Trainee: 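Handing you this structure, nothing more for now.
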Amino acid sequence: MASTNKPKRYKNFIGGKWTATGSEGTFQNVNPADVRDVVGVFPAGGKAEVDEAVAAAKEAYAEWRLVPAPKRAEIIRRAGDIMVKAKDDISQTMTREMGKVLAETRGDTQEGIDTAYYTAGEGRRMFGDTVPCELPNKFGMSVRMPVGVCGMITPWNFPMAIPTWKIFPALVAGNTVVLKPATDTPATSVRLVEILLEAGLPPKAINIVCGGGRVVGNALVQHPDVSVISFTGSTEVGKQITADAASTLKRVSLELGGKNAQIVMDDADLELALEGAVWGAFGTTGQRCTATSRLILHKKIAGKFIEMLVERTKKLRVGNGLDAKVEVGPVVNESQRDNVAKYVEIGLNEDKATLALGGHVLNKGDHANGWFFEPTIFTNVKPRMRIAQEEIFGPVLSVITVKDFDEAIRVLNDTAFGLSSSIYTRDVNRAFQAIRDIEAGITYVNGPTIGAEVQLPFGGVKGTGNGHREASHTVLDIFTEWKSVYIDYSGKLQRAQIDVSAG
Ligand code: NAD
């Protein structure tokens, strides 16, 4: 299809220089709401660019780690200030490159700003412990040390928030960075690098190599001088990265997929639960790792709630996210849209669930040039059906009816993932039991499965990750090593566990 505009030529930033060429050629990034709109042409990097970027980051690390943490943090705070001014501009580009509606891309940018200010404060904390020592005239403490060069591999659905979750704390902790953004959203990542440079970051401390996952991502993962890989993306790729990194023994932090559920109990405020379900399932066109893809309804309210849900969802306006009236944007690309359609087929034919709403590609009129799909609801879904087990990552909601609270919790937990979860109830005892018994990294009470804030840990259990948590101060566990320090000021050799009187 012919381009309607002259595409902008973007560059990689490697070793302190912007470079237009990539050893793997170039690739295009198009607007999923109108594929004739080419957002940019990007250099496709390869192993050579990764080697160069890692060498530069390694060189920069020698000096950056010695800059006091509060000074490093000032640069991140300034980056936040620049993002505040550039918020509209960043959000417009983001909507063009990945489709979600402007209100949401503003929210994504705001999350980056929040992360900047939160992390800047961490530059004056980064607490360790001081502890009493068992021997006299001896002092003990633990301090966080940077780990070196951090490789970051990011997905397309939160093109600003997710890179900032990784890059800002890594830099404040004294590390340097090589970023490999998703091929669907490199423009927002390039903008982030520009912002960091404008904020005063030493140029070689940040490098961006755009290009394919199997080439650029893999070269980063295998590189012996990269100490940590911080990856957010699909469970499949996360497993591959873990295997590829194993021989280097580097730390791998994984934030992976989800199959999140919202429970609605018979005593819930149904209007509130409805707003939560619609926002959780169809916000970001269902393309959030925390999206509500299963709705678990108590049988007493199920019939009425499904009616309300279908009526409300019918009214959602699907279209170009740059249009202020639109509530649901396109799916990110053709293959993802085809994947959603494939799951609707599975729901109908293999699972034999009931299609209560939607189920079709939208490709006429205003939708003719983009990758649109109707908001879709399946009812009569059984917990082990594929549409209730596998991450679809699109606007498809599977509704399951249960007889009581215990069954609701059992069904919610019956999945390979464990990222986000939600329960709507007015019963405080039930709410606390749910908090205790749900197997997930995040539980909301009377709120949808989406809406994390940066000051609390973010991540999940089971197939959603490997035990790390981003955001909060817990993210520092990914980007630092603990060092234990013993200072003996007795002036003589004191032997731990030996030169102590018997207890
Ligand atoms: P993806 O796994 O296809 O790609 C993620 C990144 O990995 C991209 O930059 C890609 O180029 C790169 N990549 C692909 N193959 C690679 C390889 N072999 N080696 C190294 N890098 C490789 O995921 P996506 O489609 O971009 O994002 C959607 C997925 O991300 C969903 O599963 C979603 O649940 C997950 N996600 C998780 C979180 C979370 O925090 N848990 C947040 C957002 C998205």
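All of these numbers come straight from a predicted model, not from anything done at the bench. Remember, it's 1-based here, ligands and their atoms both numbered in the order they're listed. Starting from 1, each residue takes its place in the sequence as its number.
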Trainee: Thr115: what forms a side-chain hydrogen bond (donor to acceptor under 3.5 Å, both in side chains) with it, not counting sequence neighbours?
Mentor: none
Trainee: Under the ring pair (Phe, Tyr, Trp, His ring centres under 6.0 Å) rule, collect the residues that match up with Phe393, sequence neighbours excluded.
Mentor: Trp156
Trainee: Using side-chain hydrogen bond (donor to acceptor under 3.5 Å, both in side chains) as the criterion, list what pairs up with Arg469, not counting sequence neighbours.
Mentor: none
Trainee: Name the orientation class of the two ring planes belonging to Trp18 and Phe13 (parallel below 30°, tilted from 30 to 60°, perpendicular beyond 60°).
Mentor: tilted
Trainee: Any Lys/Arg nitrogen of Asp323 or Arg317 sitting under 4.0 Å from an Asp/Glu carboxylate oxygen of the other?
Mentor: no
Trainee: List, ordered by chain and residue number, the protein residues whose closest non-hydrogen atom lies under 4.0 Å from any atom of ligand 1.
Mentor: Ile153, Thr154, Pro155, Trp156, Asn157, Ile162, Lys180, Pro181, Ala182, Gly213, Arg214, Gly217, Asn218, Phe231, Thr232, Gly233, Ser234, Val237, Ile241, Glu255, Leu256, Gly257, Cys289, Glu391, Phe393, Leu419, Phe458
Trainee: I want to check a possible cation-pi pair here: Arg312 against Trp279, using under 6.0 Å from ring centre and within 45° of the ring axis as the test.
Mentor: no
